[in-house]
Student: 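Right, I'll just put the structure down here and ask away after.
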Amino acid sequence: MADVVVITGGGSGMGLEAAKYMPKEKIIILSGRTVSKLENAVNTLKDLGFTAYAHACDTSDRESVRKLAQYAKSLGTVRNVINAAGMSPNMADGEKLLRVNALGTVYVNQEFSRVMEKGSVILDVSSNSAYALPGFLTKLAAKSYPLAETDEAQYLKKQLKFANMAKTDYQKAGFAYALSKNFVCWYAKKCAFAYGRKGIRVLSLSPGLIATDMGRLEEKEGSALIPFTAEERMGTPPELGYAIATAADERNGYLAGVDVLCDGGSTNGRAFKRK
Ligand SMILES: NC(=O)c1ccc[n+]([C@@H]2O[C@H](COP(=O)([O-])OP(=O)(O)OC[C@H]3O[C@@H](n4cnc5c(N)ncnc54)[C@H](OP(=O)(O)O)[C@@H]3O)[C@@H](O)[C@H]2O)c1
């Protein structure tokens, strides 16, 4: 049976770049909502010599994720899942961001863990925004993270209460995005310990500002971070693709239950680059 790599949000950006670093003997499934985008991305991979398929899936819909997991299993051994699907503050309101980024991660991790075996990996893409909110706020918000698995309506209500403390609509979406990504880091850790005994390794990876379509859309607000990076620049999609692909490789077997902060140093730069 061939090994299968599933990449949600694989039709563009970092997900597609990560695919390009996969071993060619693996089957790659690119997933997302826009079929034409997926088909173009699959053709790019085929031209590079990969075996690749497109499969539409909305990660904020559990049934859609379940079907993706079943499809992946029908093609071989599901070895690597890269959950790169996500939306940013300029794309949607707070509720939508929480549904896609946070609840989508719950669906992907839960549904794929059911079809994965020992020696497999789930990598959830988070964001350095996970570290951006004041500590007391994230600590309070985190108290209701477990509700995401048991009572989605209450989870959303409580997270939106915190997000809506911000002033403008953009800031509210920004808070919701940051909370959704802080949740992703927390949930990947939770899953690492829940699935570890089954031999499924789970981790998250948090990019900084990266020059993908999404990064360009957020560049106006996000560029405030650039002076705090070590090299004072945005990250490139291939750099992040490589970081994601290697962190999600099963040979990187001891990297579990942790968030890999891949942000050019911008989170730590606030302490070291104060002028
Ligand atoms: N670029 C940055 O600066 C940055 C920084 C930190 C974190 N991130 C995170 O990195 C990940 C990848 O983003 P990117 O920068 O590579 O941007 P991107 O090119 O916009 O990729 C995001 C992908 O997610 C897909 N997607 C969105 N909503 C979805 C849904 N409900 N179900 C399935 N797929 C969905 C999109 O395709 P469809 O619209 O066709 O579904 C798109 O292909 C995201 O999780 C993002 O939050 C990005």
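Whatever order the structure lists ligands and atoms in, that order sets their numbers, starting from 1. In what follows, residues are counted from 1 in the order of the sequence shown.
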Student: Are Glu239 and Arg233 ion-paired here, with the side-chain N under 4.0 Å from a carboxylate O?
Tutor: yes
Student: Do NZ/NE/NH1/NH2 and the carboxylate oxygens of Glu250 and Lys26 come within less than 4.0 Å?
Tutor: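 Salt bridge flag = yes for Lys26 with Glu250.
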Student: Just heavy atoms, cut-off under 4.0 Å: does Ser206 contact ligand 1 by side chain, backbone, both, or neither?
Tutor: neither
Student: Just to be sure I read this right, does ligand 1 sit under 4.0 Å from the backbone of Ser126, its side chain, both, or neither, counting only heavy atoms?
Tutor: backbone
Student: Is the distance between the ring centroids of Phe228 and Phe272 under 6.0 Å?
Tutor: no
Student: Going by the atom numbers of ligand 1, which of them fall below 4.0 Å from some non-hydrogen atom of Val125?
Tutor: 9 (C), 10 (O), 11 (C)
Student: Under 4.0 Å from ligand 1, counting heavy atoms only, is it the side chain of Tyr177, its backbone, both or neither?
Tutor: side chain
Student: Run the numbers for me: atoms of ligand 1, each under 4.0 Å from some heavy atom of Ser127, listed by number.
Tutor: 6 (C), 7 (C)
Student: Side chain, backbone, both or neither: which part of Thr212 comes within less than 4.0 Å of ligand 1 when only heavy atoms are counted?
Tutor: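 Thr212 to ligand 1: side-chain contact only, backbone stays beyond 4.0 Å.
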Student: Does some non-hydrogen atom of Ser88 fall short of 4.0 Å from ligand 1?
Tutor: no
Student: In terms of atom number and element, which parts of ligand 1 are under 4.0 angstrom from non-hydrogen atoms of Gly32?
Tutor: 33 (C), 34 (N), 41 (O)
Student: Could Arg62 and Tyr107 be counted as a cation-pi pair, given that NZ or CZ must be under 6.0 Å from the ring centre and within 45° of the axis?
Tutor: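 Because its charged atom misses either the 6.0 Å distance or the 45° angle limit, Arg62 does not stack over Tyr107.
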Student: Using a 4.0 Å cut-off to any heavy atom of Gly9, which atoms of ligand 1 qualify?
Tutor: 23 (C), 24 (O), 25 (C), 43 (O)
Student: With a 4.0 Å heavy-atom cut-off (strictly under), which part of Glu218 contacts ligand 1: side chain, backbone, both or neither?
Tutor: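 For Glu218, no heavy atom sits under 4.0 Å from ligand 1.
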Student: Under 4.0 Å from any heavy atom of Val100, which atoms of ligand 1 are there?
Tutor: 28 (N), 31 (N)
Student: Quick one: does any side-chain atom of Ser127 pair with a main-chain N or O of Ala130 as donor and acceptor, under 3.5 Å?
Tutor: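 No, because the side chain of Ser127 does not come within donor-acceptor range (under 3.5 Å) of the backbone of Ala130.
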Student: Under 4.0 angstrom from ligand 1, any heavy atom of Cys57?
Tutor: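 Right, Cys57 reaches ligand 1.
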